[in-house]
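Reading through the structure tokens given below for one structure.
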Amino acid sequence: MSRIEWMAVGWGALVAGVGLVVVAEQPGPVKLAVGVALFVLAGFLAAVRAEERRVLHAGLGACAGAGFYLIYVVLSWLVSQFTGPDHPEWLPGGDRWQLWLPALLLAALIGGLLASYR
């Protein structure tokens with residue numbers, strides 16, 4: 001069994017996490033379209049960097065990117081406690097997060113599949 005290549009996961013996580021931060025305040029359809037495109041790219045980049053188990057690396061990158069977004073929201077919430085402005089949504093996608101997050105994970109896995117067959 002091969003090991004997980006954390007650098008590959010990091011590349012995917014970077015694009016996915018920054019993508020979630022960028023689309024956080026966009027309206028619903030724009031948020032979903034741009035988010036899906038960025039997660040396909042994130043999955044592709046993670047998978048291209050990995051030598052084996054590309055789709056797994058794409059999925060791990062997407063999950064780590066969601067973790068980066070959560071850290072961003074927590075830090076924003078802490079700052080808003082002292083400064084006053086509202087912090088970003090706790091879950092990307094707002095009240096439709098149950099549909100939104102699986103769609104983004106699926107997009108990252110599709111990116112990983114594209115890299116596997118390139």
Side-chain angles (χ1 to χ4, degrees):
M1 183 186 273
S2 64
R3 62 184 174 80
I4 293 175
E5 298 179 41
W6 294 108
M7 185 62 73
V9 172
W11 276 109
L14 178 66
V15 173
V18 170
L20 285 174
V21 171
V22 167
V23 301
E25 299 300 320
Q26 300 301 318
V30 172
K31 182 186 295 191
L32 184 60
V34 173
V36 164
L38 287 172
F39 268 69
V40 168
L41 177 63
F44 182 82
L45 289 175
V48 163
R49 180 69 171 81
E51 291 183 19
E52 296 177 343
R53 301 191 305 180
R54 294 176 186 266
V55 177
L56 173 67
H57 285 84
L60 288 174
C63 291
F68 286 169
Y69 177 78
L70 183 60
I71 291 168
Y72 163 73
V73 172
V74 168
L75 292 175
S76 298
W77 177 79
L78 286 172
V79 169
S80 73
Q81 298 306 303
F82 298 106
T83 61
D86 293 333
H87 60 85
E89 304 174 320
W90 284 103
L91 293 169
D95 57 351
R96 305 187 101 188
W97 67 269
Q98 298 95 336
L99 300 173
W100 207 75
L101 286 178
L104 293 180
L105 178 59
L106 180 63
L109 296 177
I110 289 170
L113 285 172
L114 290 172
S116 295
Y117 294 112
R118 66 162 172 82

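Small disclaimer: the values here were computed from a predicted structure and weren't measured.
- In terms of the side chain to side chain contact (heavy atoms under 4.5 Å, CB included) criterion, residue partners of V21 (sequence neighbours excluded) are, by chain and number, Y69, Y72.
- Looking at residues two or more places apart in sequence or on another chain, you find a side chain to side chain contact (heavy atoms under 4.5 Å, CB included) between V18 and L14, V22.
- At a threshold of 4.5 Å between non-hydrogen side-chain atoms, the residues V23 and V30 do not count as touching.
- Its side chain outside the 4.5 Å cluster rule for every partner, V79 clusters with none of the Ile, Leu, Val, Met, Phe, Trp and Tyr residues.
- Atom CG in L38 sits 8.5 Å away from atom CG in L20 (nearest 0.5 Å).
- Across A58 and G112, no two heavy atoms sit closer than the pair CB-CA, 3.7 Å.
- Here R3 contributes atom CZ and E51 contributes atom CD; the two are 7.5 Å apart, rounded to the nearest 0.5 Å.
- Nearest heavy atom pair, residue A16 against residue G61, reads CB-O, 4.2 Å.
- With rounding to the nearest 0.5 angstrom, the OG atom of S116 is 10.5 Å from the CG atom of L109.
- Under a 4.5 Å side-chain heavy-atom criterion applied to ILVMFWY residues, the cluster that includes W6 comprises I4, V9, L56, L60 as well.
- Among residues two or more places apart in sequence or in another chain, the side chain to side chain contact (heavy atoms under 4.5 Å, CB included) test is passed with V15 by L41, A42, L45.
- Atom CG in L104 sits 5.0 Å away from atom CZ in F39 (nearest 0.5 Å).
- Side-chain atoms of R49 do not come within 3.5 Å of backbone N or O of A8 as any donor-acceptor pair.
- The heavy-atom pair separating V36 from A107 by the smallest distance is O-CB, 3.6 Å.
- Residue F68 shares its hydrophobic cluster (ILVMFWY side chains chained together at separations under 4.5 Å) with no other residue.
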